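Report on one structure; see the data block that follows.
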Amino acid sequence: MSFRAKVYDMVCQIPAGRVCGYGDVAALCGSPRAARQVGYALAALTPTDVAEGVAVDPQGRAVPWQRVLRTTGHIAFAGDPIRGPLQQRLLEAEGIVFEQERTDMKRFRWRPSVEDLEG
DNA sequence: TCCATGACTCCGC
DNA sequence: CGCGGAGCCATGG
């Protein structure tokens, strides 16, 4: 199984209303220092519904890419005029609160339990 | 196989 | 706290 496939699996397990850092996902996939590769994996998703922010992986399953943020709580590609605001809107719809362009990672960060990772 | 690329992160100022 | 620079490593050509 490729690193990217693991990334998609992990991101799909992040519950709505919670977020993860790129580094967190990388660590859960077995490569603690591959945070950039996590971003690269998400960038490789195929957009199917741009307006709603829906993007699918090679297996055709929708991946909640919006739940992955920088450890600072900032949206990674805030500079993107389309996906930047979209990501924030999608997260706010799930209950995530933003202040000054960033969210409180201490409050919304998701830490998977052993049971979550089984399977 | 080597090299460039990049939705990141850590560290020193 | 913000900035700039170096390190990181999976992917693709």
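Here is the naming used below: chain letters follow the sequence lines, and residue numbers restart at 1 for every chain. All figures in this text were calculated on a predicted structure; none of them were measured in a lab.
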What is the separation between atom CD on A:Gln37 and atom P on C:dG7, rounded to the nearest whole Å? 16 Å
Minimal non-hydrogen separation, A:Ile75 against A:Gly84, with atom names: CD1-O, 3.6 Å
Identify which nucleotide among B:dC8, B:dG6, C:dT11 has an atom closest to any side-chain atom of A:Arg4, counting heavy atoms from C-beta outward. C:dT11
Could you tell me whether the phosphate oxygens of C:dG2, OP1 or OP2, come under 4.0 Å of any side-chain nitrogen or oxygen in A:Arg102? yes
Nearest-nucleotide comparison on DNA chain C, the residue closer to the 5′ end among A:Arg33 and A:Tyr40: A:Arg33
C:dC9 phosphate, OP1 or OP2: any side-chain N/O from A:Arg36 under 4.0 angstrom? no
When you measure from the side-chain N and O atoms of A:Ser31 to the phosphate of C:dA10, is any distance below 4.0 Å, counting only OP1 and OP2? yes
d(OH, A:Tyr8; P, C:dA10) in whole Å: 15 Å
Length of the line joining A:Leu42:CG and B:dT5:P, which is rounded to integer Å: 21 Å
Expressed in angstrom and rounded to an integer, what is the separation of A:Lys6 atom NZ from C:dC9 atom C1'? 13 Å
Measuring from atom SG of A:Cys20 to atom CZ of A:Arg109, what distance do you get when rounded to the nearest 0.5 angstrom? 7.5 Å
Please report the distance, rounded to the nearest Å, between CZ in A:Arg70 and C1' in B:dG6. 12 Å
Considering only heavy atoms from C-beta outward, does the side chain of A:Leu91 approach that of A:Leu69 to under 4.5 Å? yes
Between A:Asp104 and A:Arg107 (salt bridge meaning N to carboxylate O under 4.0 Å), is one present in this structure? no
Send over the distance from A:Gln100 CD to C:dG2 C1', rounded to a whole Å. 14 Å
CG of A:Asp57 versus P of C:dT11: gap in Å, rounded? 14 Å
Given atom CH2 of A:Trp65 and atom P of B:dC8, what is their separation to the nearest angstrom? 13 Å
Pick base, sugar-phosphate or nothing for A:Ser2, based on heavy-atom distances below 4.0 Å to the nucleic acid. sugar-phosphate
Over all strands shown, is A:Phe3 touching base, sugar-phosphate only, or nothing at heavy-atom distances under 4.0 angstrom? sugar-phosphate
Assign A:Arg83 to base, sugar-phosphate, or nothing according to its heavy-atom contacts below 4.0 angstrom with the strands shown. nothing
Is the closest basic N to carboxylate O distance between A:Glu94 and A:Arg67 below 4.0 Å? yes
